[in-house]
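Side chains are part of it too, since the values below use all heavy atoms of this structure and drop only hydrogens, waters and symmetry mates. If you read the sequence from its start, that first residue is 1, and numbering goes on from there. Each ligand, and each atom within it, is numbered from 1 in the order the structure gives.
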Amino acid sequence: MGYKEENKLGVALIQADIEIGSPQANKAHLEELMEQAVQQNPKPDLLVLPEMWNTGYALEQIQDIADPEGQATQAWLSSFAQKHEVMIVGGSVAVKQGDQIFNTMYAFDQKGEKVGEYSKLHLFRLMDEEKHLTAGTELVTLDLGGFQAGASICYDIRFPELARSLALGGAKMLIVPAEWPHPRLHHWRTLLMARAIENQMYVVACNRVGSSRGTDFFGHSLIIDPWGEIIAEGSESEEIVTGLISPELVDDVRGRIPVFADRRPEIYTDK
Ligand SMILES: O=C(O)CCC(=O)C(=O)O
């Protein structure tokens with residue numbers, strides 16, 4: 001049994017290392033960690049994986065190793081979710097659609113039904129993403145057991161407009177799979193904290209660990225509450241980071257400081 005009876009959601013972030021360019025090895029490794037996560041007592045209700053876990057940033061080979069239509073990834077996530085009766089936000093994977101490659105998140109409920117998918121909107125030029133990937137075009141909110149979760153991926157958190165739009169659309173949680181490296185730990189923690197405080201929403205962020213081609217990824221996966229308090233934070237090693245979140249706290253914080261009612265959109269510029 002999970003946490004359902006208390007109207008709370010138990011979240012487990014799978015803070016894993018990723019082997020660049022090796023989708024099969026990464027899937028097998030993640031599955032081991034996910035098995036460990038669902039053996040915990042109480043069992044988490046929701047698992048969240050890191051960004052681009054199938055290929056890592058093997059961008060020069062990405063046309064050859066991205067998952068065609070995301071089919072293999074979706075079948076695997078759906079079957080794990082159904083078998084273990086757990087919701088999964090499957091981080092993101094490189095997905096091939098025709099000649100284009102997207103950085104795409106898939107989410108499933110406990111019955112293995114797809115809840116939604118989201119492709120990263122903001123491509124990260126520092127890693128040449130825009131040379132190899134195609135950006136998504138849609139805002140996505142996932143219904144995770146009645147808890148509305150806005151979708152974002154890594155670099156997306158540098159764009160406060162995205163989290164604000166998702167919050168205005170009803171999201172009470174921001175989900176953030178990432179491959180965020182040193183030396184920008186300060187940016188990662190500060191931006192995530194800010195997105196939580198300014199939007200009075202949970203932030204659930206799963207970053208990878210380990211090194212690829214001279215880049216060191218620091219983990220520090222975070223679960224932050226709508227008051228900006230850290231519920232759980234990962235180390236720099238592989239681990240499962242867990243925490244309990246409650247939709248009522250979002251309403252409580254939004255009731256205490258009515259940021260959304262006090263906005264002045266008629267004065268802000270759009271562009
Ligand atoms: O914005 C950053 O500093 C890191 C972003 C990133 O690594 C990514 O989007 O993959």
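Between H122 and Y155, the ring planes lie perpendicular to each other; the angle is over 60°, past the 30° to 60° tilted range. Ring pair W188/W180 is tilted by interplanar angle, where 30° to 60° counts as tilted.
Heavy-atom distances between K120 and ligand 1 reach below 4.0 Å in at least one pair. At least one heavy atom of E51 sits less than 4.0 Å from an atom of ligand 1.
Taking atom 6 (C) of ligand 1 as the reference point, the nearest protein heavy-atom neighbour is C154 SG, 3.2 Å.
Every atom of ligand 1 with a heavy atom of R184 under 4.0 Å away is listed here by number and element: 2 (C), 3 (O), 4 (C).
Residue contacts with ligand 1 for E179 involve N, CA, C or O but no side-chain atom from C-beta outward (heavy atoms, distance under 4.0 Å). Contacts with ligand 1 closer than 4.0 Å are made by side-chain heavy atoms of R158 only, the backbone lying farther away.
Ion pairing between a basic and an acidic side chain is recognised when a charged N comes within 4.0 Å of a carboxylate O; R264 and E266 show such pairing. Ion pairing between D128 and K131 holds under the 4.0 Å rule for side-chain N and carboxylate O.
Closest heavy-atom approach to atom 4 (C) of ligand 1 among the candidates Y155, Y57, W188, F124: F124.
For D143, the salt bridge (charged side-chain N to carboxylate O under 4.0 Å, His left out) criterion is met by no residue, not counting sequence neighbours. Listed by chain and number, the residues in a salt bridge (charged side-chain N to carboxylate O under 4.0 Å, His left out) with E60 are R213 (sequence neighbours excluded).
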